[in-house]
Amino acid sequence: MSEPLLDIRRLKKYFPIKSGLLNRTVGQVKAVDDISITIRPGETFGLVGESGSGKSTVGRTAIRLTDKTEGEVAFKGVDLYALPPQELRKLRPKLQLIFQDPYSSLNPRVRVGDAIGEALLEHGLASKDEVRDRVLDVLSLCGLSSYHIDRFPHEFSGGQRQRIGIARALVLNPELIVADEPVSALDVSIQAQIINLFRRLQETNGLTYLFISHDLSVVEHLCSRVGVMYLGSMAETASRDDLFREPLHPYTKALLSAVPIPIPKLKRERIVLKGDIPNPANPPSGCKFHTRCPFAVARCAEERPEFRHVGGERYVACHLV
Amino acid sequence: MRDLLTIENLRTHFFAPEGTIKAVDGVSLRVREGETVCIVGESGCGKSITALSVMGLAAGSSGKVVGGRIEFDGRNLLELDKNELRTLRGHEIAMIFQEPMSSLNPVLPVGEQIMEPLIEHLKLGKKAARARAIELIAQVGIARPEQIANAYPHELSGGMLQRIMIAAAISCSPKLLIADEPTTALDVTIQAQILDMLRRFKAESNMSILLITHDLGVVAEMADYVVVMYAGKVVEEGEVTELFSHPKHPYTKGLLRSKPILNHRQDELYAIPGQVPNPLELTVSCYFHDRCGQCMDVCRSREPRLREAGERHRVACWLYEEAVAYV
């Protein structure tokens with residue numbers, strides 16, 4: 001097994017809930033509550049979960065875009081949270097983020113070529129004369145044309161904007177890309193184009209992805225290993241083959257059975273969960289999933305299940321497994 | 001089965017300073033009693049505007065229904081005046097939207113919003129309406145309905161709000177429910193609950209559903225009949241099993257192939273090249289021609305008509321047109 005590229009250990013990120021006249025902290029939302037993930041070079045780790053599960057917060061804390069509450073994140077053995085600001089800045093180009101909606105992260109008044117090239121200049125990775133060539137290279141790599149370089153963001157369609165978002169990350173020659181729902185806002189036909197682009201770039205540029213998505217069919221298509229989050233905790237991690245062939249955690253089973261499959265009259269077993277995701281500010285006791293779990297027993301409400309190794313590459317947090 | 005809704009050659013256009021956008025351009029479809037018809041297509045194909053035209057909600061400052069017929073239960077909706085439409089909407093035809101938060105009044109408890117159509121259309125008294133609203137909230141699977149009736153929209157989750165919208169929509173037992181991307185903003189486990197519920201109500205009350213969605217998975221689960229739209233036109237339609245197993249239009253085929261399917265792995269996804277044409281730059285042609293792998297000369301200069309391509313299966317594509325012409 002190769003050395004991990006990113007090693008997230010027992011990461012916690014709590015957000016304070018403030019209230020009242022004095023703005024006192026009255027509680028905490030445990031957005032990320034003791035999560036460990038190891039990502040190896042060249043792989044795609046898929047992080048799935050429903051809204052409020054904390055998957056985006058994991059993505060942001062994993063590259064130190066926000067502060068952590070507890071835990072460690074090591075990138076190639078270097079603890080990101082122990083680095084002084086100057087050192088972290090030098091590392092930044094290696095750690096890039098791609099968002100769901102690239103339009104809101106592009107300045108409408110800045111030409112696309114400048115938006116892609118600015119980080120190169122900012123980090124001193126290219127001289128002014130080189131920038132244009134580097135940007136042209138990366139544009140063609142992302143399936144855009146050279147004449148796009150002088151256009152403004154509003155002149156592009158959603159799919160093209162996502163290509164710009166990818167180009168912007170790619171131009172810095174990153175090693176790790178955290179992609180947060182990068183295809184969720186796109187139409188099916190465009191989504192397929194971008195998914196293929198992600199895959200091609202991984203092959204040509206040796207990229208490693210932390211791919212955050214709520215869409216299990218996309219994750220199955222793109223990822224080599226998968227983690228399933230629920231209310232800030234990891235329910236299960238496994239290789240893609242294991243997870244999709246034989247999910248162990250009841251939540252993973254329910255999630256998989258809920259994905260609509262485009263085959264009419266398909267007979268399959270469906271686990272319909274009761275109720276909504278509980279309020280993350282006030283999560284259930286014991287196993288956080290017990291309020292919706294069809295198999296819950298008395299113990300699940302009392303005791304928090306340990307996230308434990310169950311053979312191979314599988315880890316599960318469930319009393320019943 | 002009797003036809004409940006028949007749309008014939010509907011044209012809804014928008015007039016912008018840059019030119020006319022033919023959002024819906026000659027769309028025909030029908031929904032029979034107790035049937036679920038899905039309109040599927042990508043953003044900008046005109047599926048929502050078709051639905052809004054039925055509700056009489058597409059016309060506004062810049063939009064207008066410029067032609068066609070919309071017949072609902074024997075009446076031409078385009079000839080009804082405002083008051084007649086008002087009595088129809090929420091009573092015989094109800095609609096739910098993608099974003100329940102933006103269709104609910106934020107300063108009114110949700111229970112009162114369900115009571116509104118009951119008082120307006122069924123002429124119930126306030127007390128009876130409230131009792132019925134609480135029943136409806138329980139029916140859509142919400143626990144503690146008395147308490148929830150007093151809650152304001154911001155206190156409820158997206159899934160709960162969509163249930164409230166459905167409770168309000170079915171409150172007057174509509175003959176037709178129009179659902180515009182009702183589960184798109186929801187998580188999959190909640191989506192599964194909502195779709196189950198819609199199927200159950202349909203089965204219990206023989207209500208028809210016109211469901212608008214971009215998700216082929218949802219279509220496969222819900223539809224009896226499917227209408228595929230592209231750039232304001234219907235390109236293919238048919239019974240759901242027939243359409244999914246024997247798609248004819250290259251666009252439909254492409255859509256079906258480009259979606260990753262759980263437990264059906266492939267190395268590279270098929271991707272339809274290019275993108276949807278700019279609605280201001282359309283010329284007489286098959287609008288899909290520049291993305292089509294089987295494009296012929298005729299496709300660039302003439303518009304294909306929607307023709308029979310099997311039992312209850314129609315397609316608008318020159319590949320099939322000739323075959324039909326020579327028969």
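All chains are named by letter (A, B, ...) in the order of the sequence lines, taking the proteins before the strands, and each is independently numbered beginning at 1.
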> Could you tell me which portion of B:V219 (side chain, backbone, both or neither) has an atom closer than 4.5 angstrom to a non-hydrogen atom of chain A?
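For B:V219, no heavy atom lies under 4.5 Å from chain A.
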
> Is A:D276 salt-bridged to B:R163, cutoff N-O under 4.0 Å?
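Salt bridge: no.
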
> Hey, could you give me the CG/CD1 distance between B:N263 and A:I263, rounded to the nearest 0.5 Å?
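Answer for the CG-CD1 pair, B:N263 versus A:I263, is 9.5 Å.
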
> Evaluate whether atom NZ of B:K259 has more than 12 neighbouring non-hydrogen atoms of other residues, nucleotides or ligands under 6.0 angstrom away.
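Count over threshold, so yes.
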
> Can you tell me if B:E268 uses its side chain to pair, donor with acceptor, with the backbone of A:N196 under 3.5 Å?
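The answer is no, because no donor-acceptor pair under 3.5 Å joins these two groups.
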
> Please give me the minimum heavy-atom distance between A:G275 and B:Q193, naming the atom from each residue.
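Result for this residue pair: O-NE2, 3.1 Å.
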
> Closest approach of B:T241 and A:P264, non-hydrogen atoms and distance?
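Closest heavy-atom pair between B:T241 and A:P264: CG2-CB, 4.0 Å.
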
> Heavy atoms only, distances under 4.5 angstrom: which of A:S189, A:S157, A:A258 has the most pairs with chain B? Name it, please.
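Looking at each of A:S189, A:S157, A:A258 in turn, A:S189 comes out on top.
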
> With a 4.5 angstrom heavy-atom cut-off, which part of B:S157 approaches chain A: side chain, backbone, both or neither?
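The answer is the side chain of B:S157.
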
> Once you round to the nearest 0.5 Å, how far does CG of B:L262 lie from CG of A:L255?
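Spacing of CG (B:L262) from CG (A:L255) equals 10.5 Å.
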
> Looking at CG of B:L216 and CD1 of A:I261, how far apart are the two atoms once the value is rounded to the nearest 0.5 Å?
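It is 13.0 Å, given to the nearest 0.5 Å.
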
> Hydrogens and angles aside, do A:Q191 and B:S258 bring a side-chain donor and acceptor to less than 3.5 Å of each other?
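Not at all, the side chains of A:Q191 and B:S258 share no donor-acceptor pair under 3.5 Å.
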
> Check whether B:R291 gets within reach of chain A through its side chain, its backbone, both or neither, counting any heavy atom under 4.5 Å.
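Just the side chain, heavy atoms under 4.5 Å.
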
> Quick one: what part of B:Y270 sits under 4.5 Å from any heavy atom of chain A, side chain, backbone, both or neither?
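For B:Y270, the backbone is the part near chain A, not the side chain.
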
> Hey, is A:E220 close enough to B:R265 for a salt bridge, meaning N to O under 4.0 Å?
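A salt bridge is present here (some side-chain N lies under 4.0 Å from a carboxylate O).
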
> If I measure from the heavy atoms of chain A, does B:D196 come under 4.5 Å with its side chain, its backbone, both, or neither?
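Only the side chain of B:D196 comes within 4.5 Å of chain A.
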
> With a 4.5 Å heavy-atom cut-off, do A:V218 and B:P260 have their side chains touching?
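Yes, side chains in contact.
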
> So, the side chain of B:D187 versus the backbone of A:E50: is there a donor-acceptor pair under 3.5 Å, distance only?
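Here the side-chain-to-backbone pair does not exist.
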
> Need one label for A:I271: side chain, backbone, both or neither, based on atoms under 4.5 Å from any heavy atom in chain B.
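Contact with chain B is absent: no heavy atom of A:I271 under 4.5 Å.
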
> Can you name the closest pair of heavy atoms from B:T189 and A:R292 and give their distance?
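So the two residues come closest at OG1-NH2, 3.2 Å.
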
> Can you tell me which of B:S43, B:A192, B:A143 forms the most heavy-atom pairs within a distance under 4.5 Å of chain A?
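It is B:S43.
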
> Salt bridge or not between A:R268 and B:E221? Use side-chain N to carboxylate O under 4.0 Å.
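Between B:E221 and A:R268 there is a salt bridge, with a charged N closer than 4.0 Å to a carboxylate O.
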
> Relative to chain A, which segment of B:M222 carries a heavy atom at a distance below 4.5 Å: side chain, backbone, both, or neither?
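For B:M222, there is no contact with chain A at all, as no heavy atom is under 4.5 Å.
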
> Supply the atom-to-atom distance A:H214 NE2 to B:Q191 CD, rounded to the nearest 0.5 angstrom.
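Those atoms lie 8.5 Å apart.
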
> Report the option among A:R245, A:R270, A:R200, A:K265 that has the most heavy-atom pairs separated by less than 4.5 Å from atoms of chain B.
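With the most close heavy-atom pairs to chain B, the winner is A:R270.
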
> Picking from B:V218, B:D267, B:D215, B:L195, which has the most non-hydrogen pairs under 4.5 angstrom with chain A?
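With the most close heavy-atom pairs to chain A, the winner is B:D267.
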
> Just checking B:E311: does its CD atom have more than 12 heavy atoms from other residues, nucleotides or ligands closer to it than 6.0 angstrom?
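No, CD of B:E311 has 12 or fewer neighbouring heavy atoms, counting only those of other groups under 6.0 Å.
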
> What's the shortest heavy-atom distance between A:V188 and B:E42, and which atoms?
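Taking every non-hydrogen atom into account, N-OE2, 3.8 Å.
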
> State, yes or no, whether a side-chain contact exists between A:Q160 and B:Q275 at a heavy-atom distance under 4.5 Å.
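Heavy-atom side-chain distance check passes, below 4.5 Å.
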
